[in-house]
Undergrad: 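Take this structure first; my questions come after.
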Protein chains: 2
Amino acid sequence: MTNVTEDNYFDINLNMINNATKIKILETAIDLFSQKGYSGVSIRDIIKEVKIKESSVYKHFKNKNEILETIFINFRKEVAKICPPVNSLKSILSNLSTKEFLEKGLSQFMNHIDNPIMRKIWRIIYIEQFRDSLAREIYLKDIIHTTIDFLEEAFIIMQAKQQIPPMDPRTLAIEYQYPIFTMITEYILLKFDNIETIEVERKMYNHIEFFCKAIL
Amino acid sequence: MTNVTEDNYFDINLNMINNATKIKILETAIDLFSQKGYSGVSIRDIIKEVKIKESSVYKHFKNKNEILETIFINFRKEVAKICPPVNSLKSILSNLSTKEFLEKGLSQFMNHIDNPIMRKIWRIIYIEQFRDSLAREIYLKDIIHTTIDFLEEAFIIMQAKQQIPPMDPRTLAIEYQYPIFTMITEYILLKFDNIETIEVERKMYNHIEFFCKAIL
DNA sequence: GTCTATACGAGGATAGAC
DNA sequence: GTCTATCCTCGTATAGAC
């Protein structure tokens with residue numbers, strides 16, 4: 001269950017969390033929440049794995065919900081790293097074709113989702129969407145809208161360079177990205193059951209090709 | 001909370017369920033599960049609304065999980081009704097353009113998802129995907145794969161009639177349907193928060209237009 | 001098929017010693 | 001910041017009267 005990526009995730013990404021026990025609690029909670037959902041996991045389930053006593057948990061988190069909140073807050077920061085800042089778009093796009101740009105973005109995303117901890121948190125986001133408004137906000141705003149806004153900017157720049165035709169850039173962003181979202185869901189579901197994901201990955205690169213041909 | 005559609009849903013669709021109390025239990029369970037998830041809802045939460053005693057529930061269902069299973073089994077039957085049988089495709093397609101066919105299919109689906117009970121069960125499917133293998137199977141097989149297979153057949157027929165170019169029909173099906181899946185998720189999320197869905201609906205019909213232009 | 005009553009373990013959370 | 005001990009409510013489920 002543990003590999004370098006997992007072990008070091010919170011060390012690398014959370015300067016605010018430097019307590020080994022606290023990290024272990026978070027990692028265990030991520031693992032269990034992603035399988036059984038927040039309500040399906042008890043503090044007792046968590047401590048069984050972390051090997052501390054129940055009362056010790058409450059020295060690190062004021063209650064069960066604060067564990068979930070901490071997971072979400074740090075996930076938000078990770079998700080923000082997937083897209084480069086919009087003001088760097090011009091220089092990124094200067095040497096890339098539309099297809100190369102989309103392929104690069106996709107492989108960057110696949111890199112993010114290859115991290116098993118990240119994939120688990122994505123699963124928690126899916127599961128808790130209707131129960132937890134923070135999860136819902138992260139999905140709708142931080143994931144869907146941020147990505148679409150970023151792509152819209154990219155397409156505007158490409159149009160200024162006359163790389164692509166002058167269609168509505170937001171429509172282009174949606175038409176490009178929305179199928180990818182479904183494929184991501186499919187990818188995460190298959191990985192959960194340890195089923196080969198090569199077909200979905202092919203679907204993704206296939207889509208880039210279809211999209212590029214469609215708009216030219 | 002109740003309207004004609006909701007009140008009659010189980011009467012209309014489940015000839016096997018003719019007991020008013022049993023129907024009430026199911027409707028309440030659907031409502032609560034869709035908000036808090038299966039594990040977040042107790043039998044006591046349900047009986048508070050149904051106004052019977054705890055032990056009575058066990059006269060209708062052998063345990064809590066059987067309630068969820070009953071919901072899923074009947075949902076499966078409803079979902080199967082969304083696409084017409086494949087062998088009727090030829091006659092359906094005989095008087096319709098590609099665009100008209102896709103628009104008709106979409107409006108048929110919107111009809112299905114407009115039913116608040118159906119929308120709640122979709123939410124339950126999303127929530128329980130990682131915890132319950134039946135939910136996962138319904139999503140991957142009954143929803144995603146069935147729809148794609150259906151569309152693939154439709155595109156094959158359209159190609160035989162030389163209505164559309166000879167591209168890989170499965171790719172066409174995926175390229176058409178996958179963005180719709182993301183829009184459905186967005187639609188259900190917005191409805192949950194009582195936010196206007198007109199923009200997503202426009203996105204859907206916009207997509208049909210984009211797709212039809214792209215393949216011609 | 002509804003009710004009352006009850007069993008009993010799981011669940012979140014705290015007090016206070018070390 | 002870890003432990004032991006404890007609290008009390010919630011949760012699933014059953015027995016048995018009507």
Side-chain angles (χ1 to χ4, degrees), chain A residues 10-11 14-72 124 127-128 130-135, chain B residues 10-11 14-72 124 127-128 130-135:
Chain A
F10 280 107
D11 295 333
L14 306 182
N15 13 32
M16 27 181 293
I17 297 175
N18 44 28
N19 181 302
T21 306
K22 189 162 185 173
I23 292 169
K24 194 89 195 285
I25 293 170
L26 285 168
E27 286 180 337
T28 307
I30 289 170
D31 188 55
L32 296 177
F33 289 165
S34 77
Q35 292 180 58
K36 301 159 185 278
Y38 175 80
S39 312
V41 176
S42 66
I43 300 287
R44 282 173 194 168
D45 291 331
I46 295 171
I47 61 149
K48 252 176 250 159
E49 301 240 346
V50 182
K51 276 159 194 138
I52 51 168
K53 297 296 166 184
E54 244 174 295
S55 53
S56 301
V57 172
Y58 293 92
K59 298 290 176 181
H60 297 285
F61 301 95
K62 79 171 198 283
N63 55 34
K64 187 183 162 190
N65 200 63
E66 204 182 73
I67 300 177
L68 184 66
E69 236 175 67
T70 308
I71 292 168
F72 281 162
I124 300 174
I127 294 171
E128 303 303 333
F130 296 100
R131 199 195 52 82
D132 187 301
S133 60
L134 181 53
Chain B
F10 280 108
D11 295 333
L14 304 182
N15 15 31
M16 26 183 293
I17 297 174
N18 44 28
N19 180 302
T21 307
K22 191 163 185 174
I23 292 170
K24 193 89 195 285
I25 292 170
L26 285 168
E27 287 180 336
T28 307
I30 289 169
D31 187 55
L32 296 177
F33 289 165
S34 77
Q35 292 180 59
K36 301 159 184 281
Y38 175 80
S39 312
V41 176
S42 65
I43 300 287
R44 282 174 191 170
D45 292 330
I46 295 171
I47 60 147
K48 251 175 252 159
E49 301 240 345
V50 182
K51 277 158 192 137
I52 50 168
K53 297 296 166 186
E54 250 174 288
S55 53
S56 301
V57 173
Y58 293 94
K59 299 288 177 182
H60 297 285
F61 301 95
K62 77 170 200 286
N63 55 34
K64 187 183 162 190
N65 199 62
E66 205 182 74
I67 301 176
L68 184 65
E69 235 175 67
T70 307
I71 293 168
F72 281 163
I124 300 174
I127 295 171
E128 303 303 332
F130 297 101
R131 199 194 54 80
D132 188 299
S133 62
L134 180 53

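All heavy atoms count here, side chains included; hydrogens, waters and symmetry mates do not.
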Undergrad: Within this structure, what is the CD1-to-P distance between B:Ile47 and D:dG11, rounded to whole angstrom?
TA: 11 Å
Undergrad: Among residues at least two apart in sequence or on other chains, which ones pass side-chain hydrogen bond (donor to acceptor under 3.5 Å, both in side chains) with B:Glu54?
TA: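 side-chain hydrogen bond (donor to acceptor under 3.5 Å, both in side chains) list for B:Glu54, sorted by chain: B:Arg44.
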Undergrad: To the nearest Å, how far apart are B:Phe33 CZ and D:dG11 P?
TA: 12 Å
Undergrad: Between D:dT2 and A:Thr21, is there an OP1 or OP2 to side-chain N/O distance shorter than 4.0 Å?
TA: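 Checking A:Thr21 against D:dT2: at least one side-chain N or O falls below 4.0 Å of OP1 or OP2.
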Undergrad: For B:Ile43 and D:dT9, what is the distance between atoms CD1 and C1' respectively, to the nearest whole Å?
TA: 17 Å
Undergrad: For B:Ser133, which residues count as a side chain to side chain contact (heavy atoms under 4.5 Å, CB included) partner, sequence neighbours excluded?
TA: B:Arg136
Undergrad: If you pin A:Lys48 and A:Lys62 to their nearest nucleotides in DNA chain C, which one's is more 5'?
TA: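 On the 5' side of the pair lies A:Lys48.
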Undergrad: In whole angstrom, what separates B:His60's NE2 from D:dA13's P?
TA: 16 Å
Undergrad: Strictly under 3.5 Å: I want the nitrogen or oxygen pairs between protein and nucleotides 3-10 of chain C, one per line.
TA:
from  : atom 1 : to      : atom 2 : distance (Å)
C:dC3 : OP2    : B:Lys53 : N      : 2.8
C:dC3 : OP2    : B:Ser56 : OG     : 3.2
C:dC3 : N4     : B:Ser55 : OG     : 2.7
C:dT4 : O4     : B:Ser55 : OG     : 2.7

Undergrad: In whole angstroms, how far is the C1' atom of D:dT14 from the CZ atom of B:Phe61?
TA: 18 Å
Undergrad: Say you draw a straight line from CG of B:Asp132 to CD1 of B:Ile127; how long is it, rounded to the nearest 0.5 Å?
TA: 12.0 Å
Undergrad: How many angstroms lie between atom CG of A:Leu26 and atom OG1 of A:Thr21, to the nearest 0.5 angstrom?
TA: 11.0 Å
Undergrad: Would you mind reading off the distance between B:Lys24 atom NZ and C:dT2 atom P, rounded to a whole angstrom?
TA: 12 Å
Undergrad: Choose from D:dT2, C:dT14, D:dT14 the nucleotide whose nearest atom is closest to any side-chain atom of A:Tyr58.
TA: C:dT14
Undergrad: Can you list every pair that meets ring pair (Phe, Tyr, Trp, His ring centres under 6.0 Å) and has a residue in residues 25-62 of chain B, with sequence neighbours left out?
TA: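 Residue pairs passing ring pair (Phe, Tyr, Trp, His ring centres under 6.0 Å), neighbours aside: B:Phe33-B:Tyr38.
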Undergrad: Would you please name every residue forming a salt bridge (Lys or Arg N to Asp or Glu O under 4.0 Å) with B:Glu66, sequence neighbours left out?
TA: B:Lys62
Undergrad: Between B:Glu66 (CD) and D:dT12 (C1'), how many Å, whole number?
TA: 14 Å
Undergrad: By side chain to side chain contact (heavy atoms under 4.5 Å, CB included), which residues pair with A:Asp45, not counting sequence neighbours?
TA: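 Result, side chain to side chain contact (heavy atoms under 4.5 Å, CB included) vs A:Asp45: A:Leu32, A:Val41, A:Ser42, A:Lys48.
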Undergrad: What's the CD1-P distance between A:Ile46 and C:dA13, to the nearest Å?
TA: 11 Å
Undergrad: At under 4.0 Å between heavy atoms, what does A:Val57 touch on the DNA or RNA strands: base, sugar-phosphate, or nothing?
TA: nothing
